[in-house]
Participant: 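Dropping a structure here in structure tokens format, bear with me for questions.
Every chain is numbered from 1, with letters handed out A, B, ... down the list of sequences.
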Amino acid sequence: MKISRDEIRHVALLARLALDPAEEEAMTATLDAILTYMEKLGALDTSAVEPTAHMLELPAAWREDRVTNVSDTDALLANAPARDGDFFRVPKIIE
Amino acid sequence: MSAGDRFEPVIGLEVHAELLTASKIFCGCSASFGAPPNQHTCPVCLGMPGVLPVLNRRVVEFAIRAGLAIRCAIAPRSRWARKNYFYPDLAKGYQISQYELPICVGGHLDIVVDGVAKRVRLTRIHMEEDTGKNIHDAHGSESLVDFNRCGVPLLEIVSEPDLASPAEAGAYLRTLRTLVRYLEICDGNMEEGSFRCDANVSVRARGTTALGVKVEVKNMNSFRAVEKAIAYEIARHARVLEEGGTIVQETRLWDADREETRPMRSKESAHDYRYFPDPDLPPLVVSEALVAEVRRAMPELPDARRTRFVAALKLPEYDAEVLTSRRDLADYFEAVVAAHPNAKAVSNWVMGDVLRLLKERKLDDALTITDWPVAAAHLGELIALIDEGAISGKIAKTVFEEMGTSGGTPRAIVAARGLTQVSDEGPIVAAIDQVLAAHPDKVAEFRAGKDKLLGFFVGQVMKATAGKANPPLVNRLLTEKLRGE
């Protein structure tokens, strides 16, 4: 196995996914298959290849440092699950 | 031997400096501080689906500027990474940062502690976006989020663990703050959070080289707090180890009211960020041409300015050091010299009366004095009046005080109050005669050899002329009268 049930639980926790035991099992099998497939890449000799961080070789797309956005707080807050004045309201964050 | 002698602290600092750009790092929202909540937000910095970040060129220029000043290697290719974590101050669920390939690597900063110079090595400088702000107190069961700060550009400046005391950490931070302000890339305001510092602290038995277990300390919002928090941690480590205990690697928060550190809840500090290259941003290519462009536009740095003050303006080292310790002070000094090119006299006034006035008005801790109580051109004019012999140095002090309150020009104040120095012999001789006539006993004592009474007579004559008499002239005429007759 390329990935353990414990690792699946850890990753699910980090991703805030609540998996039941059946889902955990299915996910373990699925990810294991994916990782096994990806292992084929290991067969290639990449010792002479620069590590690739991006698929495209693009020149930098800059923005000049100018304020271009007009604020539309109401429209943006319309997507908030809850608001309080101009604040987004979220469940209590415990420090 | 005390615990402090047996253990040696090892300290490294991570500084987050908010950059003084007009707009945010990846969108066209304003990056300014103090707007009403969520005024400076848009779909990009709120992490709405389908949006793409576009890099602000100025952020890269500022990073290179810092890197050149700190003598880092500027990476021709660096990479953007996603740092993944869920917290309501970051709507996307990840922060765009740099991880494996930061823009600046290495470099050093020279600091001075108790007159001893020390070179502190830097690990790296990288760019990232700031997070929003949470407000926890307003409601019992809920928190409020303001995303104005989310996406404001930051430089994270990481030192090697080269600092060996709280005082060295403080000196490093002050030096770095002076530098970023000279570079015009960050305002260095610790209280408003635009210049923040986390400390990595560990101790080891003196004479050993292996590093001890380190603790990260956060939540210090002044230089003093950083020094106190580090001193507290060093003492705590030494005590735990003395008692045979072990230090746990953790993140602790400084409590400024109770002057102690406390562990952050372990759930929050158990971070697993799963960094990976951000597919939304291509690798950052920094050309030699861009580095050269930034280098040409570099503002003059404190060391260069200090050297220039000594070499070109013939100031003593001490004056140059004091005047360049803050950029606005050095700028002010130069503006006064531009108005009246007598550098040493200007330096004396700026280091003396101007700094005293700032202290009295409690402006000496202000970040930049944009509204100096006495305009540079006016101070130049005042010193010119002394050099021309129009007023005495003593009268100038009175005029300076009035300039500080009324904002008037020295010439206007001198004219309005009739303070022009009297250099005509007639009125001075009259005053001398009057003084000598009033003190025949003292005149006799002087003539009997009590030379030091000359000072007394000068004082009396100055008093009789309301301080306006030209002092060298008074001296000469008095001596003639006393000796001659």
Participant: Contact part of B/Pro279 toward chain A, heavy-atom cut-off under 4.5 Å: side chain, backbone, both or neither?
Facilitator: backbone
Participant: Please classify the contact of B/Val60 with chain A as side chain, backbone, both or neither, using a heavy-atom distance under 4.5 Å.
Facilitator: side chain
Participant: Give a yes or no on this: more than 12 heavy atoms of other residues, nucleotides or ligands lie within 6.0 Å of atom CZ of B/Arg274.
Facilitator: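 Enclosed.
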Participant: Using non-hydrogen atoms only, which part of B/Leu290 is less than 4.5 Å away from chain A: side chain, backbone, both, or neither?
Facilitator: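 Interface part for B/Leu290: side chain.
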Participant: Got a sec: does the CZ of B/Phe86 have more than 12 other heavy atoms crowding it under 6.0 Å?
Facilitator: yes
Participant: Select one option (side chain, backbone, both, neither) describing which atoms of B/Asn134 are under 4.5 Å from chain A's heavy atoms.
Facilitator: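 For B/Asn134, the side chain is the part near chain A, not the backbone.
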Participant: Mark yes or no for whether B/Ser30, through its side chain, and A/Val67, through its backbone, hold a donor-acceptor pair below 3.5 Å.
Facilitator: no
Participant: In terms of heavy-atom pairs under 4.5 Å with chain B, which of A/Leu77, A/Val11, A/Thr73 leads?
Facilitator: A/Thr73
Participant: Hey, mind stepping through A/Phe88 and B/Leu144 against side-chain contact (heavy atoms from CB on, under 4.5 Å) and telling me if it holds?
Facilitator: CA-CA 6 Å; A/Phe88 288 82; B/Leu144 304 178; over 6 Å; no
Participant: Could you look at B/Phe147 and say if it's the side chain, the backbone, both or neither that has a heavy atom under 4.5 Å from chain A?
Facilitator: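 Answer is side chain: those atoms of B/Phe147 sit under 4.5 Å from chain A.
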Participant: So which part of B/Arg57 gets closer than 4.5 Å to some heavy atom of chain A, the side chain, the backbone, both or neither?
Facilitator: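 When you check distances to chain A, atoms from both the backbone and side chain of B/Arg57 fall under 4.5 Å.
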Participant: Determine yes or no for a side-chain-to-main-chain donor-acceptor pair under 3.5 angstrom, with A/Asp86 supplying the side chain and B/Asn38 the backbone.
Facilitator: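 Between the backbone of B/Asn38 and the side chain of A/Asp86 there is no qualifying donor-acceptor contact (under 3.5 Å).
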Participant: Closest heavy-atom contact between B/Gly28 and A/Arg63?
Facilitator: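 Shortest heavy-atom separation between B/Gly28 and A/Arg63 comes out as CA-NH2, 3.8 Å.
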Participant: Quick check: closest heavy atoms across B/Ser143 and A/Lys92, and the distance to 0.1 Å?
Facilitator: OG-CA, 3.5 Å
Participant: Contact between B/Thr41 and A/Ser71 at the side-chain level, heavy atoms closer than 4.5 Å - yes or no?
Facilitator: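 No, their side chains stay 4.5 Å or more apart.
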Participant: Just how far is it from atom CG of A/Leu14 to atom OH of B/Tyr85, taken to the nearest 0.5 Å?
Facilitator: 14.0 Å
Participant: How close do B/Met48 and A/Asn79 get, heavy atom to heavy atom, and via which atoms?
Facilitator: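 Taking every non-hydrogen atom into account, CE-ND2, 3.6 Å.
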Participant: Can you tell which part of B/Leu46 gets under 4.5 Å to a heavy atom of chain A, answering side chain, backbone, both or neither?
Facilitator: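 Contact with chain A is through the side chain of B/Leu46 alone.
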Participant: Is it true that, when you exclude A/Glu25 itself, more than 12 heavy atoms of the residues, nucleotides or ligands shown sit nearer than 6.0 Å to its CD?
Facilitator: no
Participant: Can you say whether A/Arg66 sits under 4.5 Å from chain B via the side chain, the backbone, both, or neither, judging by heavy atoms?
Facilitator: backbone
Participant: Taking atom OH of B/Tyr275 as the centre, does the number of heavy atoms from other residues, nucleotides or ligands within less than 6.0 Å exceed 12?
Facilitator: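 Yes, because the 6.0 Å sphere around OH of B/Tyr275 holds more than 12 heavy atoms from other groups.
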Participant: Between B/Ile25 and chain A, with a heavy-atom cut-off of 4.5 Å, which part of the residue counts as in contact: side chain, backbone, both or neither?
Facilitator: backbone
Participant: Which atoms of B/Asn84 come close to chain A, meaning under 4.5 Å heavy atom to heavy atom: side chain ones, backbone ones, both, or neither?
Facilitator: neither
Participant: Do A/Asn69 and B/Lys24 touch side chain to side chain, with heavy atoms closer than 4.5 Å?
Facilitator: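 Answer no - side chains too far apart.
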Participant: Please check: side-chain N/O of A/Asp65 versus main-chain N/O of B/Asn56, any donor-acceptor pairing under 3.5 Å?
Facilitator: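 Between the backbone of B/Asn56 and the side chain of A/Asp65 there is no qualifying donor-acceptor contact (under 3.5 Å).
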